[in-house]
**Q** 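Let me give you the structure first, and then I'll get to my questions.
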Amino acid sequence: MSAITDRLPVETIHGIITFLDSPSDVLSFGLSSKTLAEISIPHHHIYRVFRVKLSESAPISRFFAQADLAAGEVRELDILPENIADVCHGDYGPDRWMAEPLIPPKELALQSKSTIDYKSYDQVREVELLLIEAVKQMKRLKRFGWYQCPPPLVVGQGDLWHTLGNLGSLDELDIADEPLSRFSSSQPRFLDIKLLARTETFLNLRGLKALTISTHTYDRVEDNVDITGIFGMFAGNKDLEKLKLLLKSPVTTSITPLLAAARWDHMRILHLSGRIHCTPSPLLRFLYAHPLIEELTLAPLIVGKRWLHKPKTPPTRPLLPHLRRLNCKVYQVIWLVEHGAGSGIIELTGISLARTLIMNGIFSVNYPDEVDEDDEGDLQMDQSGEDRPSPFRGPFLDILRTARLPVLTKLGVRGRADDFADIVPLIPHVRELALDFVLESNLDDFLPHLASLPKLTVLHAPALFYSDRYHLYKYPNYNFEENAPCVCKLARACPLLRRITFENSQYVVVRDGDVLKWVYRKLGDDEPTVCFGSRLSLIIVHESRGVKGMDDAENCLAD
């Protein structure tokens with residue numbers, strides 16, 4: 001067969017590839033023939049995604065500002081933090097790739113070594129202006145991420161957000177709206193920078209389909225909290241299919257105005273977390289108005305102490321019929337199920353199985369006394385500060401016992417081994433399990449319960465394994481050799497176990513008769529990870545008498 005370029009002009013082939021946004025699609029197209037590879041990979045694939053620190057971005061920005069054809073190939077651009085700890089703390093952690101910035105194309109790799117003094121306000125502002133000029137040329141940019149702390153210094157007409165809005169192509173925005181960093185906190189000129197939640201050009205962005213934002217709403221200069229603008233931005237983007245909000249504030253803020261104003265006919269993924277709350281009535285109306293939601297995360301104080309309010313009449317129609325993944329507190333699960341949700345949930349996370357708890361530690365700290373229209377008298381909660389039997393545990397176990405979560409196959413729970421014991425007989429169909437518990441937990445305490453789950457294939461329980469947990473938040477290192485006995489015990493106790501996952505890595509277990517093998521991989525990678533050079537095998541094979549490829553083979557199966 002003759003080369004495709006004999007039948008199609010090269011310009012036509014370039015035009016076809018331009019319509020492929022995903023780097024994997026471009027690569028697949030290029031790998032279909034040598035001729036297409038020579039066209040698609042050097043001219044298209046290498047420019048699709050860029051992740052770079054602002055301090056190292058000047059040469060790349062200059063290149064794109066002057067090379068409009070190459071800039072037009074960029075689909076994703078992420079501005080990474082100078083120091084990951086600036087944005088990765090508390091309940092918020094960026095995606096795993098942020099620990100390892102994406103290497104730019106070969107012709108830009110050496111240039112990008114040039115860095116700026118990030119303590120200099122004027123130099124930072126100059127680099128931002130270069131970035132804006134580059135973004136102007138990215139006519140097909142689909143996704144933009146800002147993880148730099150603090151927010152941009154250039155504000156107003158022609159700033160970064162105004163430029164992004166003018167492109168007309170942006171679908172997805174991922175934002176960390178942090179006020180200060182370890183560099184800028186001591187620089188007076190940095191202290192006056194506006195948060196994005198109060199920046200007009202940012203709040204005027206429209207046409208988004210996906211928005212993820214971790215933001216502060218407290219203005220230190222004005223000493224107040226103002227969520228009007230950010231809620232208006234959410235409600236104004238009527239085509240949103242995904243909204244992930246982490247709202248940080250020194251006080252708990254009501255999202256009732258947002259629930260009343262927003263109507264997202266295409267919403268499928270909704271995460272509401274942080275210091276926010278609302279009462280049941282507006283939330284219920286909102287959920288009924290958004291039946292397409294498939295994935296839902298609720299902040300702890302949403303619904304709050306009114307979780308025990310059952311509907312006055314039995315639900316006449318299912319609530320959230322397409323809901324598949326739910327992350328919330330156990331009392332919120334009870335409330336949602338009582339109101340008709342749950343029949344399609346396959347994944348449930350965030351559940352505490354504690355037998356006792358302190359009620360005023362759950363609902364009283366900065367808990368707003370907002371009145372619900374359906375309230376019938378005040379709700380009295382225990383305020384003693386003493387451990388009491390959990391009022392949530394029994395109702396939740398009843399939900400499992402009566403099969404009101406009939407298709408649940410993935411469960412994320414928090415508790416000790418003895419807390420976990422009662423739930424095991426009620427979840428024989430669970431295939432994936434995530435355990436969250438205190439670091440002193442012992443694997444041997446959990447093994448009998450894990451062995452009682454006949455279909456368990458995936459386990460996420462990092463605290464049961466040895467690691468350098470304080471190496472980097474969200475990215476601890478796991479010692480392969482030390483954890484070999486743990487893998488062996490789990491593999492023997494759970495005959496269908498296939499994967500043991502961690503924050504950004506996993507053990508993949510392969511069974512072949514009496515022979516057991518496993519590989520250690522990064523999540524998302526197809527190839528095994530070489531962790532300790534040539535001393536360890538990529539694949540560890542152990543049989544009834546020991547382990548090949550490890551010096552401490554006998555210890556692995558000693559017990």
Side-chain angles (χ1 to χ4, degrees), residues 95-97 99-100 347 349 409-413 417 420 430-437 439 441-469 471-472 474-559:
D95 291 338
R96 57 182 178 269
W97 51 257
E100 300 176 1
E347 179 180 324
T349 55
T409 57
K410 181 176 181 179
L411 183 64
V413 295
F420 189 54
V430 164
R431 295 186 177 90
E432 298 186 40
L433 182 66
L435 295 176
D436 183 15
F437 35 74
L439 297 180
S441 298
N442 191 308
L443 174 61
D444 292 335
D445 295 336
F446 280 90
L447 274 178
H449 307 310
L450 297 174
S452 300
L453 297 174
K455 297 184 179 181
L456 184 64
T457 58
V458 180
L459 176 66
H460 180 82
L464 295 180
F465 293 83
Y466 302 104
S467 70
D468 174 15
R469 187 157 293 277
H471 168 68
L472 185 63
K474 290 275 188 181
Y475 300 101
N477 292 324
Y478 290 90
N479 187 295
F480 191 96
E481 289 184 272
E482 283 187 291
N483 286 314
C486 298
V487 177
C488 292
K489 288 181 179 181
L490 283 167
R492 290 201 309 270
C494 308
L496 295 184
L497 190 64
R498 292 291 179 267
R499 291 193 294 125
I500 302 171
T501 66
F502 304 91
E503 287 84 352
N504 61 347
S505 57
Q506 61 182 326
Y507 289 110
V508 180
V509 180
V510 182
R511 302 173 190 270
D512 183 11
D514 295 333
V515 178
L516 183 68
K517 308 175 184 179
W518 70 80
V519 295
Y520 183 66
R521 291 176 176 168
K522 290 185 179 180
L523 286 175
D525 285 354
D526 294 328
E527 297 299 325
T529 299
V530 182
C531 297
F532 302 100
S534 60
R535 199 168 72 83
L536 288 180
S537 302
L538 286 180
I539 300 180
I540 310 301
V541 183
H542 62 93
E543 301 169 335
S544 59
R545 291 184 298 276
V547 181
K548 299 178 181 177
M550 298 186 66
D551 298 333
D552 59 348
E554 293 77 14
N555 296 333
C556 183
L557 297 176
D559 54 348

**Q** Are the side chains of V519 and V508 in contact, using a 4.5 Å heavy-atom criterion?
**A**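 In contact.
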**Q** Over all heavy atoms of both residues, which pair between S452 and P448 is shortest? Give the atoms and the distance, please.
**A**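 Looking at all heavy atoms of both residues, the closest pair is OG-O, 2.9 Å.
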**Q** Carefully, step by step, assess K410 and V458 under the rule side-chain contact (heavy atoms from CB on, under 4.5 Å).
**A** CA-CA 9 Å; K410 181 176 181 179; V458 180; over 6 Å; no
**Q** With the side chain counted from C-beta on, respond yes when L411 and T349 share a heavy-atom pair under 4.5 Å apart, and no when they do not.
**A**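 Contact flag for L411/T349 side chains = no.
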**Q** Take N483 and Y507 through the test side-chain contact (heavy atoms from CB on, under 4.5 Å) and record every step on the way to the result.
**A** CA-CA 10 Å; N483 286 314; Y507 289 110; 3.5 Å; yes
**Q** Output, in order, the C-alpha distance, side-chain angles, deciding distance and verdict of side-chain contact (heavy atoms from CB on, under 4.5 Å) for L447 and K489.
**A** CA-CA 8 Å; L447 274 178; K489 288 181 179 181; 4.0 Å; yes
**Q** For T457 and L497, indicate whether the former's side chain and the latter's backbone hold a donor-acceptor pair under 3.5 Å.
**A**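 Here the side-chain-to-backbone pair does not exist.
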**Q** Mind checking whether L456 and L496 have side chains closer than 4.5 Å, heavy atoms only?
**A**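 The answer is no; the side chains never approach within 4.5 Å.
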**Q** Give the C-alpha distance, both sets of side-chain angles, the deciding distance and a yes or no for side-chain contact (heavy atoms from CB on, under 4.5 Å) between L443 and F465.
**A** CA-CA 8 Å; L443 174 61; F465 293 83; 5.9 Å; no
**Q** Hey, what do you get for NE2 (H460) to CD (Q506), rounding to the nearest 0.5 Å?
**A**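 If we round to the nearest 0.5 Å, H460:NE2 and Q506:CD are 11.5 Å apart.
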**Q** Does P495 offer a backbone N or O that forms a donor-acceptor pair with the side chain of R511 under 3.5 Å?
**A**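 Checked: pair present.
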**Q** Do you know the tightest heavy-atom contact between Y466 and C486?
**A**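 Where Y466 meets C486 most closely, the heavy atoms are CE1-SG, 4.3 Å.
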**Q** Just by distance, do the side chain of D436 and the backbone of V413 share a donor-acceptor pair under 3.5 Å?
**A**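 Here the side-chain-to-backbone pair does not exist.
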**Q** On a heavy-atom basis, which atom in F446 and which in A417 lie closest, and how many Å separate them?
**A**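 Scanning both residues completely, I find the closest heavy atoms to be CZ-N, 3.6 Å.
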**Q** When rounded to the nearest 0.5 angstrom, what is the spacing between CZ in F420 and CG in D445?
**A**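 The CZ atom of F420 sits 12.5 Å away from the CG atom of D445.
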